[in-house]
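All remarks here apply to the structure that follows.
Along the sequence shown, residues carry numbers from 1. Worth saying up front: this structure is predicted, and the values here are computed from it rather than measured.
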Amino acid sequence: MFKNDIVHTSHAKNELPSEELLAVIFEYMGKITAETDLDKLLMILADLGKRLVLADRCTVWLHNSENHQLWTIVAHGIDPVIIPDESGFIGHSFSTGQSIIVEDAYTDDRFNRAIDQATGYRTKSVLCIPFRNAEGIVIGAFQAINKQTESETFNERDLEILTLAASYSGKSLESSMLRNELIETQKEMIETMGEIGESRSQETGNHVKRVAKYSYQLAKLAGVPEMQARLLKHASPMHDIGKVAIPDTILLKPGALTSEEFALMKTHTTIGYNVFKHSKRELLRTAAIIAHEHHEKWDGSGYPNGLKETEIHIFGRITAIADVFDALSSERVYKRAWPIPKVLNYLQEQRGKHFDPYLIDLFFQNLDIFLDIRTKYSEESAGD
């Protein structure tokens, strides 16, 4: 134990009284329970820690066991901060499983002054507390910096308060990480299944990836909220999954389909819908909508249900544009790839017929975005 690990101080006059502590805890319990995004949850927990112990700054670190690193999010839209899992005070707290109270960081050999020197910030008092998952394994740690009271140092009351918060936080973070892992697994499975569906019809390998990226960008331009736009992006690879049930004699036919063959081909929309329609997972329910409606047309002449205009879910209307743009500009078993100018002319001709006119206008107003995606994820590109 280092000499500064435990500091005994009397409570300063401006410590939070018990009733205010309880009010803060109850306020944040609701936020923590409702948040499903791991990055945002980390920031909520950091803000909770900051308020509970009256710190100038508080950070919640999580462990990446594969890379032996600790990482955290310090602001929205900023890349994670990553350090070795034995670095500094937080690394020591994590690796030993012990809490640390330091009165002045600059008197402790464990302190890395590089960040202070780069930012001009002066770290003084520090409180680090590890937190565990349900099995008692340390998965991360709280770090509070610079106590904002008359004493300017953290004390055993802070240690007790933040330890309680850490106990609750560890379980919340474990649940969030497991949920995120499940969602990521679903996304990977959906993209893989989408690629399997495309490979059966000998379509281009990056088709599902391009359609997903076109769809996401068009959704954002149309004002679809970020969470819904991401759902569309991750579900859109399944738009043609129903083709796995279409016979090769029809799916791979190089010439025009007969009316009977085309009628059978059209059933892929309903087949795809039926695969996912009963799922309780929002991602898979979204895949059901896209599979079912991406061949509907704005003027009502599409299939399978002849929906028109806004009767068609916006996910179906967006995917229709993304799918047709990519399909026409890519080589298929039954046709050569169209030149881009010819594809664009066709999309304009189908404005208000096949396609939502508002979405088509957005597409052309931001054409460079979609052409850049087309180039980046071409069949010759090694990009993912």
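In this structure, the side chains of Gln217 and Asn366 stay at 4.5 Å or more apart for every pair of heavy atoms. When side chains are defined from C-beta on, Lys147 does not count as touching Thr153, because their heavy atoms never get closer than 4.5 Å.
Side-chain atoms of Glu311 come within 3.5 Å of backbone N or O of Lys308 as a donor-acceptor pair. Side-chain N or O atoms of Ser93 include none that pairs as donor or acceptor with a backbone N or O of Phe89 at under 3.5 Å. When atom types are taken as modelled, the side chain of Arg113 and the backbone of Tyr106 share a donor-acceptor pair closer than 3.5 angstrom. Counting only distance, with no hydrogens or angles, the side chain of Ser330 and the backbone of Ala327 share no donor-acceptor pair below 3.5 Å. Side-chain atoms of Glu296 come within 3.5 Å of backbone atoms of Asn305 as a donor-acceptor pair (strictly under, hydrogens ignored). A distance-only check finds no donor-acceptor pair linking the side chain of Glu86 to the backbone of Pro84 [under 3.5 Å]. Checked by atom type and distance alone, the side chain of Lys243 never pairs as donor or acceptor with a backbone atom of His268 at under 3.5 Å.
Taking the six-membered ring for Trp and the full ring otherwise, Phe363 and Phe355 have centroids separated by 6.0 Å or more.
Note that Lys266 lies in the cation-pi zone of Tyr303, set by a 6.0 Å cut-off to the ring centre and a 45° limit from the axis.
Asn274 and Lys277 are linked by a side-chain donor-acceptor pair at a separation below 3.5 angstrom, with hydrogens and angles left out of the test. Looking at Asp240 and His294, their side chains do bring a donor and an acceptor atom within 3.5 Å of each other. Side-chain contact of Asp56 with Tyr121: a donor-acceptor pair under 3.5 Å is present, judged by distance alone.
Using cut-offs of 30° and 60° for the angle between ring planes, the Phe325 and Tyr214 rings count as perpendicular.
Salt-bridge annotation for Asp104 and Arg122: present, with a side-chain N of the basic residue lying under 4.0 Å from a carboxylate O of the acidic one. Using a cutoff of 4.0 Å between basic side-chain nitrogens and carboxylate oxygens, Lys297 and Asp299 are not scored as salt-bridged.
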